[in-house]
Amino acid sequence: MTGTPLPLITSAYLAYTAGLLAGFSGFGWIAVVAAAIAFAAALFRTRADHSALALVFAAAVIIAAATPPPERPTLHQKNRQPPTDLLSRVRARAARSIDRTFGEDAPLARALLIADQHQIPTEMRDRYAAAGLIHMLSISGLHVAVIAAAMELLFQVARMSRRASLLGAFIATGVYVAVIGAPPPALRSAAMLGVSMASRLSQRPTSPWAAWALGAFVPLVQPRVAVDVGYQLSVLGMCALVAAGALWRKHLANRLDGWKGKLGRELVTSVVACAVTAPLVAWVFGRVSLIAPLSNLVAAPVITLAQPILFLAMLVSPFGALARFVAQAAHPLLFAFDWIAWAAASLPGAAITVTTTLVTAVLGALAAVALVVACCSRFPARPAVAGLAALAGMAVFPALPMARSDRVELHVLDVGQGDAILLRTNGGHWVLLDAGPAWRGGDAGRTTVLPYLLRRGGSLDAFVLSHPHTDHVGGAASVLTAMRPRAYWDAAFAGGSDAYIASLAAARQQGIEWHRVHPGDSIRIDGVVVSFLAPDSAWTVGLKDPNLASTIAVVRYGVVRFLLVGDAERAEEDWLLAHHHDELRAQVLKVGHHGSSTSSSDAFLDAVRPDLALISVGAGNMYGHPSNDVLHALSRVGAEILRTDEAGTIIVSTDGVHIDVETKGDKWELVPDSSKH
Ligand SMILES: [Zn+2]
């Protein structure tokens, strides 16, 4: 490595931040040109790395400061524009050919080949987080490098010269990124790999940090990428890989050799990778994996074998039978990879569940940065002490109090197939309506709801259950035990899942008051009123299906109304139309039963006339939710539709008059269709 690493790493971080700023300001392309020129200079004058990065940093900051923020598009416009650009079309085509070729392996193949994790179910994500393998599901330098190395080897076996093989691998990497429509994590990795290959071809040594920082500039072109957890993991994973390499060369390489050296190097890499990504994984997934260094050691060779085969299957996908044959060859490897995740996650003590606040997350991130610096520095003592201090601070600092805001927020959490909805009052108090699904060995309360709630701060005042099916009550026991709300509201439908019984037991244990929902009851917290329209006990007494006894809640703040209907189906909708017709009108509707065709009758939607319809649904769920008929019916009444399987967690906020909608860091004002009022 050239230069002293500390200022180089610092300037890479600064350049990355500046890149984000410039990207969000909407004029990222100017910075891209400046960056390209500066990095070209850095490539050919290795010693100039620092000054090049500093130049880019300064340029990007000036651009960011001088640029007005882009206009906020309305949700209306956003939904009317299908993705028509070339890359999106290429990406969609690659996704379709993967689905055709890989069958049941498609969700994993999509994640590993085209950086699309949409189809990975929540419980699978939780398992990979517990096993410490979640970063392997997002394309990092590892995946692209494996493909490039396999190509290089192939060309060498074909008796091409070293130089020609390298050039061939370089081109193959470019082809790979182009064929999959250049998803940001792959583009970033390929850019980094391309730089190091170019430096090998031209025999000019380049600092790996310069290559890393170059890859980190993708957000300049696509700013939204910066909030994508797959991209973040990819950046951190590569950073850890470079740091581990430096640590190995400096302190360990000459002490171990032969197989011990190989194993030692792998172990150092996986320990550093897990430690560096741990704060982010804890923040997003609520897990710190203790088994991670070992599971990575076992899983890495499997991925190394699987990745080139997956790539090959995708390359030959125009020849259906051949592609399926190659895909079947990859199946045992993918199965083994998944099995390692399962086995590692099921070991006792494999992972600890953590709840991060903003302060602990920042301290964790500082510790991770200190670790990277300590790995690379000639004087590791100081950063090591700083890192330990940050870790010690994590134990001392309690949750950060929330900044007061007078807006009321409805958070429809992405919990896969199920419902979990958080209501935040204007005073920072929370009400939870349903707690998401449970699965063997885990539940969405622990993996999604609690981390989400705790990092925002504030107290949980009440829990409201729509009905006792596992996809709604699965996470309840975990949340009730950890947050101890004052009240548990429930329609008390006789019978129910194990998770329902566990939630009642947890409430009893924690001394939480249990209330039976009656139409006309309401909860008032700060300026928000949650009133219940159903179910009526005379109505529920003859019912067999708990869906039809769903708790129906109207949230009111100012003139804004949210209607939340659990899994109510047509029969209950008819009951509501007969008894509460005039109270159904709402700007925002949480669509019944995950968009199933058994719900959302025309008469009901005509009474509600929502401007925004929210569907909480799992990607590729086995029920085929949401139904096309329901989507059409919602469009017919003029509702914009947002689904958690596409948009992730959806946040709707209001000051009592205006309504804003936020998904994946994008925010719009909901402009009602004026013809309806
Ligand atoms: Zn449900």
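Just so you know, ligand 1 is whichever comes first in the structure, and atom 1 is the first atom listed for that ligand.
Between W342 and W339, the ring planes are tilted. Angles from 30° to 60° get that label. Using the six-membered ring where Trp is involved, H594 and H625 have ring planes that are parallel, under 30° apart on the 30 and 60° scheme.
Within the model, atoms OG1 of T598 and OH of Y623 stand 12.0 Å from one another, a figure rounded to the nearest 0.5 Å.
Side-chain contact check for T649 and Y452: no donor-acceptor pair (N or O, by modelled atom type) lies under 3.5 Å.
Within the protein, the N, O or S atoms lying under 2.8 Å from the Zn ion (ligand 1) are D471 OD2, H472 NE2, D567 OD2, H594 NE2.
The pair D116-R91 does not count as a salt bridge, with every side-chain nitrogen at least 4.0 angstrom from each carboxylate oxygen.
Contact check for S616 versus I421: no side-chain heavy atoms found under the 4.5 Å cut-off.
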